[in-house]
Amino acid sequence: MDKYECGPCGHVYDPAEGDPDHGIAPGTPFEELPDDWECPVCGVGKDMFEKVG
């Protein structure tokens, strides 16, 4: 599964880790995150993330 990086702050969403603090289980691909999911660091939307591999 691909990792995605937040353009504004550099936070990397790693599907292997998920975002448990915001109800996203480990193993959740970026593509399956809810449309209203936001960066847990700076709060921007999914559209501000780019695939980093």
Side-chain angles (χ1 to χ4, degrees):
M1 287 186 278
D2 295 320
K3 296 179 183 179
Y4 283 76
E5 182 177 13
C6 179
C9 78
H11 171 74
V12 174
Y13 175 78
D14 182 350
E17 296 177 10
D19 183 11
D21 291 341
H22 297 96
I24 306 299
T28 303
F30 186 83
E31 295 83 358
E32 292 182 14
L33 293 174
D35 289 338
D36 62 351
W37 181 83
E38 298 175 340
C39 176
V41 176
C42 71
V44 299
K46 287 174 58 177
D47 59 330
M48 299 297 289
F49 281 72
E50 293 188 18
K51 184 171 18 177
V52 292

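Each residue takes its place number in the sequence, starting with 1. Note that the coordinates shown come from a computational prediction; the quantities given were computed from them, not determined experimentally.
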Check: Pro8 and Val41 side chains under 4.5 Å, non-hydrogen atoms: no

Heavy-atom side-chain proximity of Glu31 to Tyr4 below 4.5 angstrom: yes

Atom of Pro34, atom of Ile24 and distance for their closest heavy-atom approach: CD-CD1, 3.8 Å

Nearest-0.5 Å distance, CG of residue Asp2 to CG of residue Asp14: 10.5 Å

Enclosure of Lys46 NZ (heavy-atom neighbours >12, cutoff 6.0 Å): yes

Least distance between heavy atoms, Trp37 atom then Asp19 atom: NE1-OD2, 3.0 Å

Phe49 to His11 - nearest heavy-atom pair and separation: CE2-O, 4.0 Å

Ring-face cation of Lys51 near Phe30 (centre distance under 6.0 Å, axis angle within 45°): no

Heavy-atom pair with the smallest gap, counting every atom of Cys6 and Val44: SG-CG2, 3.5 Å

Non-hydrogen atoms of Pro15 and Pro29 that approach each other most closely: CB-CA, 4.2 Å

